[in-house]
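Below is one structure, written out as structure tokens, with a few remarks after it.
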Amino acid sequence: MPTTAYRKALLAKQGVIRRLERPLRRITKRSPVLMKARDELLRRYYGILRTSAGLRNRLPGGNPVAQTTGVDPENMIWIFCTSRSGSTWLRSMMAEFEGHKVWEEPSVGQLFGDFYHKASKGQLASTNFIMGNAMRKEWIGLIRNFVLDAARYTHPLLNSRNYLVIKEPNGSTGAPLIMEAFPESRMIFLVRDPRDVAASLLDATRKGGWVYEGMNKAALKEKTMADKKPDNFVRARANSYFWQVESIKDAYNAHKGRKVMVRYEDLRADTSGTMKRICSGLEIPVEEETLIWAVAKHSWERIPRTEKGTGNFYRKATPGGWREDLTSNQAQIVESITAPLLKEFYP
């Protein structure tokens, strides 16, 4: 049990933290070095604050310290999709809205979703399995706590008034678990034609493509199928797409909170109108001028020509471009695997 003197010392530190917080927040984005130092300092300060709160809760008669940092789960906006579906573009526009911050691909859905989906029925029924159905309520709660603690650590300046836009293309298999853990959070289901997704991934992973060049191990480059066996590569991507989108669909249909489904093609055809629909569906207040400015700032036309084209991250942004990029056999492979999704979203 901590002494009275120690408790007073902790509370004094808490007061110092709160007095320093305001001037620290005034440091502008003009200096990345200062921003990094500021964030690290605030992480340490908030760590002391949480320690202080925990000790007070253990003291006789101690009142819990009100949470002053961290995002409100209700203000978490999850973007679930496959890769190459426009999530970078969407989150960039949303980041321009006042009070909106971005959590870039934490892959928490992948961490839990892939593990859970690979479990057998016998494992799920077993009381020994760490994610067994018998303990579902408990581990769903642990996922929630894990995500909230990570969000507080990675975004130390967040408060309950901020929105946290979470881009999760690689975590879509865990979408049902994440939304079960956060029933009050908001959800965006972003979908793109699987043939265009396959074409974009094929281009990115071929020799010279941005994904290929980003591989830091020669062994990984040697194993890529994009050049050696492109049809097999397309088949693997189509299967992955089907599994991911089906998981997102399950999460979307089960989610009772604020949600919106968006097709990439609609976002390209009418960006402003689609963004308004997203904000309306999620009940996010955004000024008209801010929305127009965000759309204009991140338009395809403003991307430098040197950063666009074959092999680049920004490639075509042209719905239906797969007709020029895929062979007829590759297109048939994707269509046969994703037929139910094509019928539902691209009839």
Chi angles and distances behind the salt bridge (Lys or Arg N to Asp or Glu O under 4.0 Å) call for Glu180, Arg136:
CA-CA 11 Å; Glu180 183 178 348; Arg136 189 180 186 91; 2.8 Å; yes

Test Ile79 against Ile166 for side chain to side chain contact (heavy atoms under 4.5 Å, CB included), laying out the working first.
CA-CA 6 Å; Ile79 301 177; Ile166 309 169; over 6 Å; no

Asp114 vs Trp243, test: side chain to side chain contact (heavy atoms under 4.5 Å, CB included). Steps then yes/no.
CA-CA 11 Å; Asp114 287 4; Trp243 183 31; 4.0 Å; yes

Apply the test side chain to side chain contact (heavy atoms under 4.5 Å, CB included) to residues Ser247 and His117: give CA-CA distance (whole Å), side-chain angles for both, the deciding distance (0.1 Å), then the verdict.
CA-CA 10 Å; Ser247 295; His117 286 296; 4.2 Å; yes

Quick one: do Leu90 and Val262 satisfy side chain to side chain contact (heavy atoms under 4.5 Å, CB included)? Show the steps, please.
CA-CA 10 Å; Leu90 177 57; Val262 182; 5.8 Å; no

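In the hydrophobic clustering of ILVMFWY residues, with side-chain heavy atoms under 4.5 Å counting as a link, Met187 and Phe345 come out together. When the side chains of ILVMFWY residues are joined at heavy-atom separations under 4.5 Å, either directly or via intervening members, Val108 and Ile248 end up in a single hydrophobic cluster. In the hydrophobic clustering of ILVMFWY residues, with side-chain heavy atoms under 4.5 Å counting as a link, Val286 and Val260 come out together. Grouping the Ile, Leu, Val, Met, Phe, Trp and Tyr side chains by contacts below 4.5 angstrom, directly or via other members, places Leu158 apart from Ile284. Criterion: ILVMFWY side-chain heavy atoms under 4.5 Å apart, direct or through other members. Under it, Leu148 and Leu142 are not part of a common hydrophobic cluster.
Taking all atoms of both residues into account, the shortest heavy-atom contact from His100 to Val165 is CD2-CG2, 4.0 Å. The heavy-atom pair separating Gly109 from Glu168 by the smallest distance is N-OE2, 3.0 Å. Closest non-hydrogen pair, Glu265 versus Pro319, comes out as CG-CB, 3.7 Å. Summarising the geometry of Asp196 relative to Gly320, their closest heavy-atom pair is OD2-N, 2.8 Å, with the distance given to 0.1 Å. The nearest pair of heavy atoms linking Lys308 to Ile303 is CE-O, 3.3 Å. Nearest heavy-atom pair, Phe97 versus Met275, reported as atom, atom and distance to 0.1 Å: CZ-CE, 3.8 Å.
With a 6.0 Å cutoff to the six-membered ring centre and a 45° limit on the axis angle, Arg84 counts as a cation-pi contact of Phe313. Geometrically, Lys316 does not engage Trp300 in a cation-pi contact defined by less than 6.0 Å to the ring centre and at most 45° from the axis.
Inspection of the Asp266 and Thr274 side chains reveals no N or O donor paired with an N or O acceptor under 3.5 Å.
Within the 4.5 Å cutoff, no side-chain heavy atoms of Cys81 are placed close to those of Phe189. In this structure, the side chains of Leu267 and Trp89 come closer than 4.5 Å at one or more pairs of heavy atoms. Between Asn75 and Ser160, the closest side-chain pair of non-hydrogen atoms is not below 4.5 Å. Within the 4.5 Å cutoff, the side chain of Tyr241 has no heavy atoms near those of the Leu201 side chain. Side-chain contact between Asp250 and Met179: absent, with no pair of heavy atoms (C-beta onward) separated by less than 4.5 Å. Between Leu164 and Ile77, the closest side-chain pair of non-hydrogen atoms is not below 4.5 Å. Between Lys259 and Ile188 there is no side-chain heavy-atom pair separated by less than 4.5 Å. When side chains are defined from C-beta on, Phe242 counts as touching Leu341, because their heavy atoms get closer than 4.5 Å.
For Glu344, the side-chain hydrogen bond (donor to acceptor under 3.5 Å, both in side chains) partners are Lys249, not counting sequence neighbours. Scored by the side-chain hydrogen bond (donor to acceptor under 3.5 Å, both in side chains) test, Glu105 finds Lys167, Asn170 as partners (sequence neighbours excluded). Considering only residues two or more places apart in sequence or on other chains, Lys297 meets the side-chain hydrogen bond (donor to acceptor under 3.5 Å, both in side chains) condition with Glu96. The ring pair (Phe, Tyr, Trp, His ring centres under 6.0 Å) search around Tyr116 returns Trp139, not counting sequence neighbours. In this view, Arg268 satisfies the side-chain hydrogen bond (donor to acceptor under 3.5 Å, both in side chains) rule with no residue, not counting sequence neighbours.
Panel note: side chain Ser200, backbone Val197; no donor-acceptor pair is recorded below 3.5 Å. Judged by distance alone, the side chain of Ser126 and the main-chain N or O of Gly122 form no donor-acceptor pair under 3.5 Å. Side-chain atoms of Asn159 come within 3.5 Å of backbone atoms of Arg161 as a donor-acceptor pair (strictly under, hydrogens ignored). Judged by distance alone, the side chain of Asp270 and the main-chain N or O of Gly273 form a donor-acceptor pair under 3.5 Å. Of the possible polar contacts, none joining the His298 side chain to the Trp293 backbone as a donor-acceptor pair under 3.5 Å is found. Of the possible donor and acceptor atoms, none in the side chain of Ser240 sits under 3.5 Å from a partner among the backbone N and O of Ala236. With hydrogens and angles ignored, the 3.5 Å screen pairs no side-chain donor or acceptor of Asp227 with any backbone N or O of Arg206. Side chain of Ser120 to main chain of Gln123: a donor-acceptor pair is present (N/O by atom type, distance under 3.5 Å, no hydrogens or angles). Side-chain atoms of Glu324 never come within 3.5 Å of backbone atoms of Gly321 as a donor-acceptor pair (strictly under, hydrogens ignored). In terms of modelled atom types and a separation under 3.5 Å, the side chain of Arg186 and the main chain of Leu282 share a donor-acceptor contact.
Atom CG of Leu177 and atom CZ of Arg144 lie 14.5 Å apart (nearest 0.5 Å). Here Tyr163 contributes atom OH and Met76 contributes atom CE; the two are 14.0 Å apart, rounded to the nearest 0.5 Å. Separation of atoms SG (Cys279) and CE (Met93) is listed at 9.5 Å; rounding is to 0.5 Å. Atoms CZ and OG, from Arg192 and Ser87 in turn, are 10.5 Å apart once rounded to the nearest 0.5 Å. Rounding to the nearest 0.5 Å places CZ of Arg277 at 13.5 Å from OG of Ser272. Ile292 contributes atom CD1, which lies 6.0 Å from atom NZ of Lys276 (distance to the nearest 0.5 angstrom).
Within a 6.0 Å radius of OH in Tyr346, more than 12 heavy atoms belonging to other residues, nucleotides or ligands are found. Annotation for Glu287: atom CD does not count as buried by contact number, only 12 or fewer foreign heavy atoms lying within 6.0 Å. By the neighbour-count criterion of 12 heavy atoms within 6.0 Å, atom CD1 of Ile130 is sparsely surrounded, having that number or fewer from other residues, nucleotides or ligands. Counting heavy atoms of neighbouring residues, nucleotides and ligands inside a 6.0 Å radius, atom CD of Glu184 exceeds 12 of them.
Pairs passing the salt bridge (charged side-chain N to carboxylate O under 4.0 Å, His left out) check and including a residue from residues 231-244, sequence neighbours excluded, do not occur.
A ring-centre distance under 6.0 Å is not found for Phe80 and Tyr252.
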